[in-house]
Amino acid sequence: MLDDKYHADRAVGTMQDKKITAKNVQVFYGDTHAIKDVNVDIADKTVTAFIGPSGCGKSTFLRCLNRMNDTIDICRVEGDILIDDEDIYDPRVDPVQLRAKVGMVFQKPNPFPKSIYDNVAYGPKIHGLAKTKADLDEIVESSLRKAALWNEAKDRLHQPGTGMSGGQQQRLCIARAIATAPEILLMDEPCSALDPIATAQVEELIDELRQSFSVVIVTHSMQQAARVSQKTAFFHLGNLVEFDDTDKIFTNPQDPRTESYISGRIG
Amino acid sequence: MTLETADITPPATPSGKGKSLLAQDTRTKKRNAAETRFKAYGIAALAFSILFLAMLLFAIVRNGVPAFTQTFVTIEVELPADVLDKNGNRDIDDIKKVSTFGYNPLIQDALVAATADIETDVADGDLKKMLSSSAGATVRNAVIANPDLIGQTVEFEVLASSRVDGYMKGRVEREDLERDRNLDAAHLDIVDALSQTGGVTRKFNWDFILGADASESRPEQAGMGVAMLGSVFMMLVVLLLSLPIGVAASIYLEEFAPQNWITDLIEVNISNLAAVPSIVFGILGLAVFIQFAHLPQSAPLVGGLTLTLMTLPTIVISTRASLKAVPPSIRSAALGVGASEMQTVFHHVLPLAMPGILTGTIIGLAQALGETAPLLLIGMVGYIASNYPDGIASGFLDPNSAMPAQIFEWAKRADPAYYERAWGGIIILLVFLMTMNIIAIILRRRFERRW
């Protein structure tokens, strides 16, 4: 399933510096202990996949990385999460700046009910990334090109983004996320609402995005994790069970729980 | 292969396996009967509502439409200079010295002249009973507006008295006048004769819509215009206060406030406030705005403030509901690209919630527009709104009435002519409401078109 190109890339990936470090992370929803003592180092310019059965905490952990959990009143995060050696839960950190640096793509395509152009331009506008209209046009074009959507969207930039197909909408959301020039891209099951062809397009895109970003993707599909990622983390009942190179996880898992999940016995 | 296909009649007693789908079993029959019955109840309920609505509309139109026409008497009034302008220099101050009573003999002469050809027992001095007592004022106002009329004989259309108007509309019969000291049957003979020659006509009366209220004895002169302005100024106060306050409060409660017992308490109380009888808000307005803050009584500003208190819960509840209806994915999307919470609300959530907020606001305003009870307590009922407000400030601060208060006022006056006007007032109120709703629908369409 994995061709030689992937192996070669993966070797490059592991040589990169670490981008995100999580130390003893605990997450509580009220009384529920959702994430238990997770330690993980996520490398730059790598695709890291989080897999695990439903409710295992992989999405919760992902949402800790750009503090999206802040919006949930009862959610409490303990431990340290460092991005470029800076604690993102430090009181001095404004989540707004953090989220400009850590972009996010959601499970369901959620374009704003505005034009395609406005969808992509919104982030750069509020962060003041473009001084002139021409700058903004350029950011929109390059973001749409990176998201492999330019050819389909260039003639309808001022039509509503909600009028596109599901796969196009999801790529629009990716374009929107990368328009703010983030360093990390979080993807929460980005393909679960898409058909196989759209999924293939998005996966191809993820592989290209790895050139510029550190990508963290949560997925339910083990095939997808195997196809797109270089590193895989397996979560089970709030624990990070195993974190290793993707091919090692899928061919030679160390933990019996990982093996059971991969072979379809739990989950 | 063909022998079974012919046998499609269902078995006589379907049981267990092999039940035919072509026959309904008892359970299915019962269920279908219940469904049919329920649909019938629904249609019956709908038919009743439509019937009552039709009856209501019919009654309103039947009773109210006559109020929009009024009977006028055309008379040719001689305006002699030696009576109206004794100094002969057409000085406006001299002309103003002649009161409406000074005009009454002129009108009487005009009436005598107009009825010269008609044989009647009515004494010359009693002829003016056919006219509204406002006739003198009508002629005087015309002379003051145009002093050049003095010395000429001018044709005037003056209001007929409410009895004559009632006779023309079929409300007053000859038998009704036996114990009436205001008019005799003999007057009606004159009216009949005059209406054949065109001296008495019934036509559309703009003064009913635009004019001011009149005293109890002159229903023919009373109009809705000033009370309508009172309502307009009140609605301005309600809109300008309750929309921003209500929307800001809802946004804070829905998007920013922490979930704890204080916000829970506030939430429960807002829901309860929406159900508080409006007269309670009235007495609150009396205590706070008039007795404590010493704002003027009967003023649209106070009415508006009181109605704002009443409208706020409605607006808050509907705004929160429409904010809740905005899909959370839009919020995550905005937060995900690094919008602050306020940017998320103002750039994305609020525009999507706008149609719902507008609907709620219009419902609240419509409620406030039709509210009478709180106005009772702050003195906007019973005040005779006889003067147009003089400018914007006076519109807010001078005593006035409001449309429902005016209707209530008319309905409780003794003269049956006022009863007709109360119904007519209802029509104006409903048209006003419908206009507001149409504006709301147009605005909502505008907002919805922005995908």
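Proteins get letters first, then strands, A, B, ... in listed order; numbering begins at 1 in each. Below, each value reflects all heavy atoms present in this structure, side chains not excepted, and no hydrogens, waters or symmetry copies. The shown structure was predicted, so the numbers you read here are calculated from the model rather than taken from an experiment.
A/R176 and B/A333 get closest at one heavy-atom pair: NH2-CB, 3.3 Å. Of all the heavy atoms in A/F112 and B/I330, the pair that sits closest is CE2-O, 4.0 Å.
When the heavy atoms of residues 69-80 of chain A are compared with those of chain B, the residues falling under 4.5 Å are A/T71, A/D73, listed by number. Contacts between residues 342-349 of chain B and chain A, defined by a heavy-atom separation under 4.5 Å, are made by B/Q343, B/H347, B/H348. Heavy-atom proximity under 4.5 angstrom to chain A picks out nothing from residues 270-280 of chain B.
Crowding of B/L53 atom CG: a count of heavy atoms from other residues, nucleotides or ligands under 6.0 Å exceeding 12. By the neighbour-count criterion of 12 heavy atoms within 6.0 Å, atom CZ of B/F256 is densely surrounded, having more than that number from other residues, nucleotides or ligands. Within a 6.0 Å sphere centred on NZ of A/K133, other residues, nucleotides and ligands contribute more than 12 heavy atoms. The environment of A/E208 atom CD is dense: over 12 non-hydrogen atoms of other residues, nucleotides or ligands sit within 6.0 angstrom. Within a 6.0 Å sphere centred on CG of B/L253, other residues, nucleotides and ligands contribute more than 12 heavy atoms. In the displayed structure, A/K108 atom NZ is contacted under 6.0 Å by at most 12 heavy atoms of other residues, nucleotides or ligands. The local environment of CG in B/L21 is sparse, with at most 12 non-hydrogen atoms from other residues, nucleotides or ligands closer than 6.0 Å.
B/S340 contributes atom OG, which lies 8.5 Å from atom CG of A/D94 (distance to the nearest 0.5 angstrom). The OG atom of B/S329 lies 11.0 Å from the CD atom of A/Q107; values are rounded to the nearest 0.5 Å.
Only the backbone of A/P111 comes within contact range of chain B, with heavy atoms under 4.5 Å apart.
Under the 4.5 Å side-chain criterion, counting only non-hydrogen atoms from C-beta, B/L335 is in contact with A/R99. Inter-residue side-chain proximity for B/P327 and A/N110 is flagged as unmet; no heavy-atom pair is nearer than 4.5 Å.
No donor-acceptor pair closer than 3.5 Å links the side chain of A/H127 to the backbone N or O of B/A339.
Checked against side-chain contact (heavy atoms from CB on, under 4.5 Å), B/P258 has the following partners two or more places apart in sequence or in another chain: B/Y252, B/N260.
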